[in-house]
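Letters A, B, ... mirror the listed sequences (proteins, then strands); counts begin at 1. If you're wondering where the values come from, they're calculated on a predicted model, not measured in any experiment.
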Number of protein chains: 2
Amino acid sequence: MMVSNEIVKQQLAFLGKELTSKILEVSSVVEFEKDIEILKEGQYVKVIPIVIKGLLKVFTRQEDKELLLYYIKPSESCIMSFSASISNDKSTVYAKTAESSILLIIPADKIEMLTKLYPEFNTLFHQQFKVRYNDLLDTINQLVFTNLDQRLYHFLKETSIIRKENPVHISHREIANELGTAREVITRVMKKLEKEYKVVQNSDSIKIL
Amino acid sequence: MMVSNEIVKQQLAFLGKELTSKILEVSSVVEFEKDIEILKEGQYVKVIPIVIKGLLKVFTRQEDKELLLYYIKPSESCIMSFSASISNDKSTVYAKTAESSILLIIPADKIEMLTKLYPEFNTLFHQQFKVRYNDLLDTINQLVFTNLDQRLYHFLKETSIIRKENPVHISHREIANELGTAREVITRVMKKLEKEYKVVQNSDSIKIL
DNA sequence: TATAGGCTGTGACATATGTCACCAATTGTT
DNA sequence: AACAATTGGTGACATATGTCACAGCCTATA
């Protein structure tokens, strides 16, 4: 999987020419296979990834249970790594490639310079903050105010959009893993959603109606 | 309740003299009684509050249920209102005074100028982001990975710190409201915490052991 | 003093979710 | 083709939380 400098510049276009050049100067474009860990909870942040192509999954983990927080799509970055690098803190989340990806890797020690010299670099930061704050907020609202069926339905719709497919190819076990619950519960609730004509289950995929 | 310019300057000291002067120039110091709404979900953000004295409570609401997200203490600001004003968005949370408070009110239309002219203004933003991201993340982790008893215990400890008191004067109904659950459940779980020697309940307060 | 309002405690019952165990069907590997 | 691994479905049972109803106690008000 190759990518040209043009694609990279395209994905960074909202940052302006001069800043884009500077970022390209200090960073590197790296290819990663699926399931490569980019960020680990408890570890110092060394790099800030911007997604050029592919998808990063940000999640939290406790014992043997995981919970998906959000996905980072092309032109987006990891707000947690921004923040952690600015104050030299450890990451509080995990991030890994959800599919083979191409990331622009900015060394953490370059962030301070970039934010000082290029106020518009903060645009990315502010944008990302708003999106992620609302992602987290939505998750909290769902957890507190709704039952799992609604959360599952919402998850399926989001997944269809992100993966650009419908039917969505995903197993009950994987769904359970993302939502931090049990596979049997997902199977049960999926049946409920089917009865409500919200989804149709095929042998290997789920179609959202 | 009066406050001198000295106290205000003190709370903003981390921002530097020049920026503090500029902020004071464009903003106003306002006194609010308890339970005054500063921010409303769905409404455009007109002001960014920085707490000089007192406490702001940020919460989310759905139908007749509320959920406390976090408190904003002196020297802290509302990251949501920062973000919303920068991109001229509506607020996604509510904020109200949790006790009578003194707030520095920055008009939203001054934010862009401040972030452009004073890169160090972003220090406040970055600081606040890190804290709030982790507040939200902690809440999610608690909701997914623990039961209510642990969330309740954690809430009581935090409340004790924020209110600077132990025993904490709070009713079961108020706790239920903050945690988005039912009063009877709180009563039940409180009994459990007592049996585990984590708290002692008095007629009007709860002592955290 | 009597009454109203607020708070805590409790039991009964309901619902949502989690765990365990097992089975059947399908897919992947040797 | 045979076997192993994976996946979905289901029932039984357990636990956590929510709702309803009520009682008792304490505080505030008229």
Side-chain angles (χ1 to χ4, degrees), chain A residues 34-35 61-68 139-156 159 167-196 198-208, chain B residues 34-35 61-68 139-156 159 167-196 198-208:
Chain A
K34 187 185 178 199
D35 288 331
R61 182 190 284 152
Q62 208 150 332
E63 290 156 15
D64 58 334
K65 283 174 89 181
E66 276 185 14
L67 176 71
L68 168 75
T139 299
I140 290 177
N141 281 329
Q142 279 171 30
L143 286 166
V144 173
F145 301 124
T146 71
N147 290 332
L148 185 61
D149 57 345
Q150 283 184 54
R151 190 151 79 95
L152 172 56
Y153 186 55
H154 181 262
F155 169 81
L156 290 172
T159 302
V168 183
H169 293 79
I170 188 167
S171 69
H172 292 188
R173 187 194 49 76
E174 193 183 340
I175 296 173
N177 202 52
E178 305 284 79
L179 298 184
T181 183
R183 192 275 301 165
E184 292 92 332
V185 176
I186 294 296
T187 299
R188 213 181 274 149
V189 176
M190 279 302 308
K191 196 107 187 194
K192 181 171 185 276
L193 289 183
E194 252 191 329
K195 281 173 84 172
E196 294 171 357
K198 292 186 171 168
V199 300
V200 172
Q201 291 193 87
N202 307 315
S203 62
D204 66 334
S205 62
I206 297 161
K207 183 168 172 63
I208 297 124
Chain B
K34 188 185 178 200
D35 287 330
R61 181 188 285 153
Q62 207 149 338
E63 289 155 14
D64 59 335
K65 284 174 86 179
E66 276 185 17
L67 177 71
L68 168 75
T139 299
I140 289 177
N141 280 330
Q142 280 172 29
L143 286 165
V144 172
F145 301 123
T146 70
N147 290 331
L148 185 61
D149 58 346
Q150 282 183 57
R151 192 150 77 95
L152 173 55
Y153 186 56
H154 181 262
F155 170 81
L156 290 173
T159 302
V168 184
H169 293 79
I170 188 168
S171 67
H172 292 189
R173 187 194 47 76
E174 193 183 339
I175 296 173
N177 202 52
E178 306 283 79
L179 298 183
T181 183
R183 192 276 300 164
E184 293 91 333
V185 176
I186 295 296
T187 300
R188 214 181 274 151
V189 176
M190 278 303 308
K191 194 106 187 193
K192 182 172 185 272
L193 289 183
E194 252 191 330
K195 281 174 81 169
E196 293 170 356
K198 291 187 173 168
V199 299
V200 172
Q201 291 193 84
N202 307 314
S203 63
D204 66 335
S205 61
I206 297 161
K207 183 168 172 64
I208 297 123

Pairwise N/O distances under 3.5 Å, protein to nucleotides 4-8 of chain D:
| from | atom 1 | to | atom 2 | distance (Å) |
| --- | --- | --- | --- | --- |
| dT7(D) | OP2 | R173(A) | NE | 3.2 |
| dG8(D) | OP1 | H172(A) | N | 3.2 |
| dG8(D) | OP2 | H172(A) | N | 2.9 |

Per-nucleotide protein contact string for nucleotides 11-19 of chain D (B base, S sugar-phosphate only, - none; heavy atom under 4.0 Å):
-B---SBBB
Applying side chain to side chain donor-acceptor pair (under 3.5 Å), can you list everything that pairs with [X], at least two apart in sequence or on another chain?
X	value
K191(B)	none
S205(B)	N202(B)
D35(A)	none
R183(B)	T187(B)

Is the phosphate of dT8(C) approached by K191(B) (side-chain N or O, under 4.0 Å from OP1 or OP2)?
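The answer is no; no side-chain N or O of K191(B) sits under 4.0 Å from OP1 or OP2.
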Roughly what angle, to 10°, lies between the helix axis at the start of the helix from dT1(C)-dA30(D) to dT30(C)-dA1(D) and the one at its end, five pairs per end?
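One end's axis against the other's: 30°.
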Calculate the interatomic distance between [X] atom [atom1] and [N] atom [atom2]; express it in whole Å.
X	N	atom1	atom2	result
N202(B)	dC25(D)	CG	P	19 Å
L193(B)	dG9(C)	CG	P	12 Å
I186(A)	dT10(D)	CD1	C1'	16 Å
D204(B)	dC7(C)	CG	P	12 Å

Only counting residues at least two apart or in another chain, list the ones meeting salt bridge (charged side-chain N to carboxylate O under 4.0 Å, His left out) with R173(B).
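R173(B) satisfies salt bridge (charged side-chain N to carboxylate O under 4.0 Å, His left out) with no other residue.
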Can you list everything that forms a side chain to side chain contact (heavy atoms under 4.5 Å, CB included) with [X]? Sequence neighbours excluded, please.
X	answer
N141(B)	T60(A), Q62(A), L137(B), F145(B)
E184(A)	A182(A)
K192(B)	D149(B), E196(B)
Q201(A)	H172(A), M190(A), E194(A), I206(A)

For K34(B), look at atom NZ and say whether over 12 heavy atoms of other residues, nucleotides or ligands are found less than 6.0 Å away.
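12 or below, so no.
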Show your reasoning for whether side-chain contact (heavy atoms from CB on, under 4.5 Å) applies to V189(B) and Y153(B).
CA-CA 9 Å; V189(B) 176; Y153(B) 186 56; over 6 Å; no
